[in-house]
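The structure appears below as structure tokens.
Just so it is clear: chains get the letters A, B, ... in the order the sequence lines come, proteins before strands, and each one is counted from 1. Not measured: the values here are computed from a predicted model.
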2 protein chains.
Amino acid sequence: MKASFSQFVKSAIPNFPVSDEGLNTIIDSLEEFELEKGEYFLKQGKISGSMILLEGHFRCYTFNENGDEVTTAFYGPPRLIFDVASFFQQKPSLENIIALTKIKGYYGNYQTVDKIFHEYPLWREFGRAMLAKEYILFKDRTMRLINLSAEERYAHLMQTEPEIFQIAQLRHIASYLNITDTSLSRIRRDFGSK
Amino acid sequence: MKASFSQFVKSAIPNFPVSDEGLNTIIDSLEEFELEKGEYFLKQGKISGSMILLEGHFRCYTFNENGDEVTTAFYGPPRLIFDVASFFQQKPSLENIIALTKIKGYYGNYQTVDKIFHEYPLWREFGRAMLAKEYILFKDRTMRLINLSAEERYAHLMQTEPEIFQIAQLRHIASYLNITDTSLSRIRRDFGSK
DNA sequence: GAAATGACTTGTCATAAGACAAGTGAGAGA
DNA sequence: TCTCTCACTTGTCTTATGACAAGTCATTTC
């Protein structure tokens, strides 16, 4: 786990000038964290903390105007997991984040993370890079939602995160692609015949 | 302009412990910036800087798979303007940001902003808050795209940013709402009769 | 001031996607 | 083993939205 965390930090910021001791200090400030399949990292109405996901997958969902569940994200390791609005504004979340598989990682609430940034200012740069990275990933996804057709969005998910199809239900994948499960089923049928 | 900037900083981070001198130092590090209507803040293929928009409105657009222009954002003051991916990764942007009206604000490229953060570490907190705020705003917009119907998205824009209807073309508003200009026209007709 | 241009609306038709119900098939549990 | 449940697929019909072309209106331009 420590090795994965170290690797994650180094890959996130190539020239990040941090020692192994520095890494250990940060890890010791955080909480080792595990969840079983079906457990929640975040529930609607609660305040989000942050975790570095090192093993396992999450699904994130909310509810639309009709009260129907809408899957807004799938997260695989290594990744920063948090609800940006709830975390930074310390207000109740509108999101639910549920474990699709067994989860391992490191956890910190806002106070913990803030304390780390005060005590180890160097790590602010890591925090900023993480925030920017998540923003960029989220924006990419939104652009695909806007610019690609339903079938293209399906093809993209198949190419970039095929493992999702092994661990998530198709109806959740459908709502993630912003289509109905009926439509996804038909896209898959037609896709196979090409 | 300086007063607006000061106000913007203070409203962005309520308890930000910065003096008027501190503010002046930052302003002096940035470049006073103006654009006329129709001029570009950012063109596809160029690397994005950042600006604090204090007067005027921008429209942001890209192109979808069919080569059709898609409006992805409208920005009004006060606001941080930048393409997050292009700015932080210093890579060519996929976006175009064009002035809908005369623009005033303060500009800095990545080097300038980075220098400010090194010389005045206190301002890192401001940078982080801005980044988080933009991320949250962008996420809100995406959630509306996912969770609301076309008509609801139109109603929301009318309620929250009616000024956009004065300064932007309906076909651009339509693509911002992710519908065709034909559909927007019909929504507006039907909406009036309610 | 006539013609051209551009923004927007509207009519007509085509099409993709949704709603809903029925059907299939695998796995869980008695 | 039987049946129950649940995920998924499929059929049928409906509906929202898009494509495209024509029409209106205001503004610009020569």
Under 4.0 Å protein heavy-atom contact, by nucleotide of nucleotides 6-21 of chain C - B base, S sugar-phosphate only
-SSSBBB----SSBB-
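One can place CG of B/Leu177 at 16 Å from C1' of D/dA16, the figure rounded to the nearest angstrom. The distance from atom CD of A/Glu69 to atom P of D/dA7 is 11 Å, rounded to the nearest whole Å.
A side-chain contact (heavy atoms from CB on, under 4.5 Å) with A/Tyr176 holds for exactly one of A/Thr72, A/Val70, A/Leu184, A/Thr71; it is A/Thr71. Each of A/Arg153, A/Glu151, A/Arg144 was compared with A/Leu177 under the side-chain contact (heavy atoms from CB on, under 4.5 Å) criterion, and only A/Arg153 meets it.
Taking the six-membered ring where the residue is Trp, the centroids of B/Phe165 and B/Phe74 are separated by 6.0 Å or more.
The nearest pair of heavy atoms linking A/Gly108 to A/Phe87 is O-CE1, 4.3 Å.
Remark: the A/Thr25 side chain and the A/Asp28 side chain contain no N/O donor-acceptor pair separated by less than 3.5 Å.
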